[in-house]
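Note sheet for the following structure.
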Amino acid sequence: MSSTATLRIVGLVLIGLGSTAACGGESGPAVPEGDASPLPWGIPAGFPEPQIPEDNRPTRAKVELGRHLFYDTRLSGNGTQSCASCHQQSRAFTDGMDRSVGSTGEVHRRNTLSLTNVAYNGTLNWANPILTELESQILGPLFGDDPVELGASGREAEILDRIRSDPDYPDRFAAAFPDVDVDSRISWETVVDALASFCRVLISGDSPFDRYAYGGDRGALSDSAIRGMELFFSERLECHHCHGGFNFTLSTVHDNSPFEAARFHNTGLYDVDGLGGYPTGNTGIHEITGRPSDMGRFRAPTLRNVEVTAPYMHDGSIATLEGVIDHYARGGRNVTEGPWLGDGALNPLKSGFVPGFSITDREREDLIAFLKSLTDRSFLEDPRFSNPFEAGDP
C-alpha cells in the first residue's frame with residue numbers, strides 16, 4: 001500500500017478524535033497511571049479521553065469492587081446469573097447466543113452487545129437514542145421486567161442483605177466509597193457506580209491493527225489484512241461510514257467530540273411488508289420515537305474484537321462474518337422462509353450506505369483478515385477483567 005493510502009486510512013480512523021489523539025509511539029497506555037489519567041490503568045496510544053461523570057470517577061478500589069459484583073450471581077433475584085453470564089470476557093463480553101436468555105429463562109429480543117470500549121459509546125443498547133449514561137443503562141438489566149434479565153425488582157432488600165453478609169464485601173465497599181456513611185455504603189447506588197466503573201475500564205486498544213496504526217509496527221498486519229483495510233475504508237464498500245473512527249463505530253463520544261453520536265441505521269435486514277417493516281416488537285428506535293422513518297434503525301456496534309462476537313446483527317440472525325459481508329454485498333437480506341418473509345434489499349427505508357457492492361473471493365478473504373486484525377488477545381485474557389471468584393485470582 002502506498003504511503004498516501006496509509007495516511008488516508010489512518011486519517012479516517014482518527015475522525016472524531018479532535019486534538020486529543022496522537023499517532024505513532026509505542027502501543028499500550030499513552031497516559032500515565034494515577035491522577036493524570038481518567039482511568040486507573042491509563043488509555044491506549046491514539047485513544048482520546050472518555051467522558052466520565054464527575055460524581056463517579058473510577059478508582060482501582062471501585063473498579064475491583066465492580067469486578068466482583070459483575071461476576072457475582074447473588075446480584076440476580078434467584079441467584080442464578082451474573083452480569084458475566086451474558087458478557088463473557090473470552091467473547092469480548094458477549095455470550096455467543098443469537099439472543100440472550102435471562103435469569104428466569106426468558107429469551108430476549110436482541111443479541112448481547114459487546115462491552116468492548118463501552119466507555120466511549122455515544123448511546124447504549126441497540127436502539128435507545130436517549131440512553132447515554134452507563135449508570136442509567138445498568139438499571140435495565142438489574143431491574144427491568146420486559147424482558148427479565150437479572151430480575152432484581154421486588155427483591156432489592158434481599159439482594160443487598162446477601163452482599164452485606166459476605167465477609168469480604170464490607171471492606172471492599174469501604175475502600176471504594178470511603179466518603180459514604182457506613183450505614184448507607186452498601187446500597188444500590190454504590191453497587192451501580194461500582195459496576196459502571198468496572199465497565200469503563202474495559203478498554204481494548206492492543207490489537208494488531210492498533211500496533212500498526214498507532215504503534216508504528218508495519219509488520220503487525222499481513223498483506224491480506226492491509227488489502228482488507230483498504231477495502232474497508234473504500235467508497236466502494238462504504239463500511240467506514242457507519243464503523244469509522246478509532247472505535248470502529250461512529251456512535252462514539254469522548255472529550256472534545258466534534259460530531260453528534262446518536263447514529264442509527266436501517267441495513268436492509270428485513271422488509272416484512274414491502275414498506276420497510278421489521279419484525280413486530282423489534283423495530284429499532286422506531287419503538288422509542290414512533291416515527292415511521294425510524295423503522296428498522298439500530299446502532300452500529302463497535303467492530304473491535306468482532307471476530308469473537310458472533311452471531312451478528314441486533315437479533316443474532318447472521319451467524320458468521322462471511323454472512324455479514326454477503327448481506328452488505330447484496331445490499332440487504334432476502335428472507336425466503338419463516339414468519340418474516342421479504343427482500344431487505346428493496347426496503348425503502350434502508351440506509352444509503354447499504355447500496356450493495358461486488359466483491360471477489362480474494363477480497364472477501366482480505367476483508368475478513370482485516371476484521372480479525374481488530375482482535376485484541378490481551379483484552380480477552382487480561383486477568384484484571386477476569387472472574388475473581390475462580391482459582392488464581394490476581
Side-chain angles (χ1 to χ4, degrees), residues 94 97-100 107-114 121-132 137 140 144 146-147 237-245 247-252 259-303 306 309-357:
T94 63
M97 303 178 69
D98 55 352
R99 294 178 295 158
S100 58
V107 179
H108 295 190
R109 293 176 297 161
R110 293 177 186 160
N111 177 261
T112 296
L113 278 163
S114 172
N121 282 0
T123 56
L124 300 159
N125 294 354
W126 278 102
N128 191 331
I130 61 177
L131 189 57
T132 60
Q137 189 279 330
D146 183 24
L237 266 62
E238 309 262 23
C239 308
H240 66 283
H241 288 296
C242 299
H243 294 285
N247 205 28
F248 290 89
T249 169
L250 292 186
S251 182
T252 298
F259 300 121
E260 184 269 329
R263 306 292 184 90
F264 301 89
H265 310 275
N266 181 324
T267 62
L269 196 63
Y270 294 98
D271 185 13
V272 301
D273 55 4
L275 302 173
Y278 266 52
T280 303
N282 213 354
T283 60
I285 64 171
H286 168 265
E287 298 167 23
I288 304 293
T289 69
R291 291 193 294 261
S293 60
D294 283 337
M295 173 67 68
R297 293 179 64 205
F298 292 85
R299 176 167 65 87
T302 178
L303 296 185
V306 69
T309 63
Y312 305 104
M313 316 310 261
H314 69 274
D315 56 358
S317 56
I318 300 182
T320 65
L321 284 175
E322 289 84 355
V324 172
I325 293 172
D326 289 343
H327 162 73
Y328 284 111
R330 188 179 181 277
R333 186 177 59 157
N334 189 15
V335 180
T336 58
E337 57 185 34
W340 309 118
L341 302 178
D343 189 349
L346 303 178
N347 188 313
L349 303 176
K350 185 182 68 172
S351 168
F353 294 134
V354 190
F357 52 80

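The first residue of the sequence shown is numbered 1, and numbering continues consecutively from there.
Atom CG of Asn334 sits about 8.0 Å away from atom CG of Leu346, to the nearest 0.5 Å. Here CZ of Arg297 is found 13.5 Å from CD of Glu287. Values are rounded to the nearest 0.5 Å. Here OG1 of Thr249 is found 7.0 Å from CG of Asn121. Values are rounded to the nearest 0.5 Å. A distance of 8.0 Å separates CZ in Arg109 from OG1 in Thr283, rounded to the nearest 0.5 Å. Put simply, SG on Cys239 and CZ on Phe248 are 10.5 Å apart, with the number rounded to the nearest 0.5 Å. Separation of atoms OG (Ser293) and CD1 (Ile285) is listed at 8.0 Å; rounding is to 0.5 Å.
When side chains are defined from C-beta on, Val354 does not count as touching His265, because their heavy atoms never get closer than 4.5 Å. Contact annotation: the side chain of Arg110 approaches that of Asn282 to within less than 4.5 Å [non-hydrogen atoms, C-beta and beyond]. Contact of the Asn347 side chain with the Tyr278 side chain is registered, since non-hydrogen atoms from C-beta on lie closer than 4.5 Å. Under the 4.5 Å side-chain criterion, counting only non-hydrogen atoms from C-beta, His327 is in contact with Leu269. Residues Ser351 and His241 are not in side-chain contact: their nearest non-hydrogen atoms beyond the backbone lie 4.5 Å or more apart. Residues His243 and Pro301 have side chains in contact (heavy-atom distance under 4.5 Å, counting atoms from C-beta outward). In this structure, the side chains of Asp343 and Asp271 stay at 4.5 Å or more apart for every pair of heavy atoms.
Each of Asn125, Asn128, Thr132 was compared with Gln137 under the side chain to side chain contact (heavy atoms under 4.5 Å, CB included) criterion, and only Asn125 meets it. Under the side chain to side chain contact (heavy atoms under 4.5 Å, CB included) test applied with Ile318, the options Ile325, Asp98, Val324 reduce to a single match, Val324.
For the residue pair Arg330 and Gly332, the shortest heavy atom distance occurs at NH1-O, 3.0 Å. Tyr312 and Val306 get closest at one heavy-atom pair: OH-O, 2.7 Å. Closest approach of Gly316 to Pro311, counting heavy atoms only: O-CB, 3.5 Å. Closest approach of Thr112 to Ser100, counting heavy atoms only: OG1-CB, 3.2 Å. Looking at every heavy atom in both residues, Gly274 comes nearest to Pro348 through O-CD, 4.2 Å. Listed here is the closest heavy atom pair of Cys242 and Ala300: O-CB, 3.7 Å.
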Open item on the list: I'd like to know whether Thr252 forms a side chain to side chain contact (heavy atoms under 4.5 Å, CB included) with Thr302, so could you lay out the CA-CA distance, the side-chain angles of the two residues, the decisive distance to 0.1 Å, and finally the verdict.
Closed with: CA-CA 9 Å; Thr252 298; Thr302 178; over 6 Å; no
TODO: Mind running side chain to side chain donor-acceptor pair (under 3.5 Å) on Tyr270 and Asp315 for me, showing each step along the way?
DONE: CA-CA 11 Å; Tyr270 294 98; Asp315 56 358; 2.4 Å; yes
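More than 12 heavy atoms of other residues, nucleotides or ligands shown are found within 6.0 angstrom of CG on Leu341.
Without hydrogens or angle criteria, Asn247 side chain to Leu250 main chain gives no donor-acceptor distance under 3.5 Å. A side-chain donor-acceptor contact under 3.5 Å links Asn266 to the backbone of Met295. Panel note: side chain Lys350, backbone Ala345; a donor-acceptor pair is recorded below 3.5 Å. Arg99 places no side-chain N or O within 3.5 Å of a backbone atom of Val107 that could act as its donor or acceptor partner.
Classified by interplanar angle (parallel below 30°, tilted 30° to 60°, perpendicular above 60°), the ring pair His314/Phe298 is parallel.
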